[in-house]
> 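Sharing a structure here in structure tokens format.
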Number of protein chains: 2
Amino acid sequence: MARAKSPSRHALVDSALKLFWKRGYHRVSMGDLVRETGVSRGSLYSDFAGKEALFHACLDRYQETVVTPAFGVVETKGAGLAEVGQYLDNLLARNAAHPDANTGCLVLNTLAQITPQESDTMTRLSAHGRRLHKGLHQALWQENQKHQKLDEAEIEALARFTLISIQGLWAQSRGSSDSAALRQYCETLLSLLASRMGVEPLHGT
Amino acid sequence: MARAKSPSRHALVDSALKLFWKRGYHRVSMGDLVRETGVSRGSLYSDFAGKEALFHACLDRYQETVVTPAFGVVETKGAGLAEVGQYLDNLLARNAAHPDANTGCLVLNTLAQITPQESDTMTRLSAHGRRLHKGLHQALWQENQKHQKLDEAEIEALARFTLISIQGLWAQSRGSSDSAALRQYCETLLSLLASRMGVEPLHGT
DNA sequence: CTTGTTTTGGAATGATCGTTCCAATAACTT
DNA sequence: AAGTTATTGGAACGATCATTCCAAAACAAG
């Protein structure tokens, strides 16, 4: 029944995702989406219930194609502080690669643009936060197994701290394309975490 | 020449500020502003060039009536780490006082909502960032005078780190009204700063 | 070719928005 | 009081938006 569309469904959503990411949900019109995706108005409305449904598909695809490749390293079984550092490096590299168009994180941008009323959207954003928190907690817990300096409550506090710090990093990465400052921030964050956990200072790039 | 308006100019801007703060620039219509400020459409357009000019007046007033009372303690001459802690406490108290309507920081919300094209607005937002950075740098420098553990470059890095962390805190404070988590974050941040600077752990409330 | 099904491009709809304009009203001055 | 100025409420305008609708075109299968 589902027949091949001119641009595949993934390609369609990817185009839409790119637009939403760059300009934000409210600043993308259906006309923009028609032009950018190359799919007609009629087809868009037959494939998706409306603009919001299409956006939700983009949020889901963002998890697959952006969050997982970047954050997966932290979520793997034996990950520790070094993997958190890898994630931050990846984040910095992405930023340095596109110094002009600084888009930040789609989830955090959206969080600042919607109201709590749009609860379907909000649900997805919360899930993203929980995903990151869980991954960070696991990595810090694993790291702590080696040195045993912190108890569970302290690990939890550090995980939360790291999560919020990363949110600040994303926020800062929008507008300010001073990648040296961002790098410095990541180094400071990692070095603070390391010293608190009793890890010898890491030798980053 | 300038005669007294029915609601004083400050009261007018305060009403508009409240709306912009709660809903964001793009989600406030001129109709909303007329209803909320109690000033007619005609008068609004004779007092301000348009919606954006009114918003700029609100951003300026936000600095006077919100940022200065909260952040001034860090900007005073002899301020150190303790005053940074006071600022964070103030921030947490503000958050706990309005657990329902969590508005975050007007400047950071706006930063996530506008595009770099709106450069007049962007200028004001950048100035806010510079103000906070300068105040934090000064306070950390002052604190470091007592212990002499860090050099200038490290102070600069720590100031930047603190600034971005505070941005993350503001971002987190929107939506999540889990004030215990926010408090925990502030405590972790302060304790990390203190240990890095060689300060005995502070006894917060 | 001839059906039957998708897809297209664009017109039409109804809503909201920022801004302008202006006659009616209120407030102040002399 | 009358005369002058400031303010009001709302109509009107032009623009943009999400959504709906549909005749024409493209395509697939028999």
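A note on names: the letters A, B, ... follow the listed sequences, proteins ahead of strands, and every chain is numbered from 1.
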> Give a yes or no on whether the backbone of B/A70 and the side-chain of B/N90 come within a donor-acceptor separation of less than 3.5 Å.
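No, because the side chain of B/N90 does not come within donor-acceptor range (under 3.5 Å) of the backbone of B/A70.
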> Between P on D/dT8 and CG on B/L33, what's the gap in Å once rounded to a whole number?
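For the pair B/L33 CG and D/dT8 P, the rounded distance is 14 Å.
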> Within this structure, what is the CZ-to-C1' distance between A/F48 and D/dA18, rounded to whole angstrom?
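Result: 16 Å.
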> Given the structure, check if the side chain of B/R41 and the base of C/dT19 hold any donor-acceptor pair shorter than 3.5 Å.
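Pair found.
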> Side chains of B/S195 and A/R196: is there a donor and an acceptor less than 3.5 Å apart?
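There is no such pair (donor and acceptor under 3.5 Å, judged by atom type) between the side chains of B/S195 and A/R196.
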> For A/A49 and A/R27, take the nucleotide of DNA chain D holding the closest heavy atom to each; which residue's nucleotide lies nearer the 5' end?
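Nearest nucleotide further toward 5': that of A/R27.
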> Both A/S29 and B/G42 contact DNA chain D. Taking the nearest nucleotide for each, which residue is further toward the 5' end?
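Nearest nucleotide further toward 5': that of B/G42.
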> In this structure, how many angstroms lie between the P atom of C/dC17 and the CZ atom of B/F55, rounded?
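Whole-Å distance recorded here is 17 Å.
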> Send over the distance from A/Y25 OH to D/dC17 C1', rounded to a whole Å.
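For the pair A/Y25 OH and D/dC17 C1', the rounded distance is 11 Å.
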> Which nucleotide in the set C/dG18, D/dT8, C/dG9 lies at the smallest distance from any side-chain heavy atom of B/K51?
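The closest nucleotide is C/dG18.
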> Could you give the CG-to-P distance, from B/L54 to C/dC17, as a whole number of Å?
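For the pair B/L54 CG and C/dC17 P, the rounded distance is 16 Å.
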> Where the side chain of A/S40 is defined as all heavy atoms beyond and including C-beta, which of C/dG18, C/dT7, D/dT7 is the nearest nucleotide?
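When the side chain of A/S40 is considered, C/dT7 is the closest of C/dG18, C/dT7, D/dT7.
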> Could you check whether any side-chain N or O of B/E154 sits under 3.5 Å from a backbone N or O of B/D151, counting only pairs where one atom can act as donor and the other as acceptor?
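Between the backbone of B/D151 and the side chain of B/E154 there is a qualifying donor-acceptor contact (under 3.5 Å).
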> Pick out which of A/V107, A/T110, A/L108, A/L106 makes a side-chain contact (heavy atoms from CB on, under 4.5 Å) with A/H128.
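The option that passes is A/V107.
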> Send over the distance from A/R35 CZ to D/dT16 P, rounded to a whole Å.
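In whole Å, D/dT16 P and A/R35 CZ are 12 Å from each other.
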> Taking atom P of D/dG14 as reference, at what distance in whole Å does atom CE of B/M30 sit?
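Result: 19 Å.
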> Strictly below 4.0 Å: does A/S43 bring a side-chain N or O up to OP1 or OP2 of C/dT8?
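For C/dT8, OP1/OP2 do have a side-chain N/O of A/S43 under 4.0 Å.
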> Between B/E75 and B/R131, is there a salt bridge with N-O shorter than 4.0 Å?
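Yes, this pair counts.
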> Rounded to whole angstroms, how far apart are CG on B/D32 and P on C/dC17?
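Distance check: B/D32 CG to C/dC17 P gives 7 Å.
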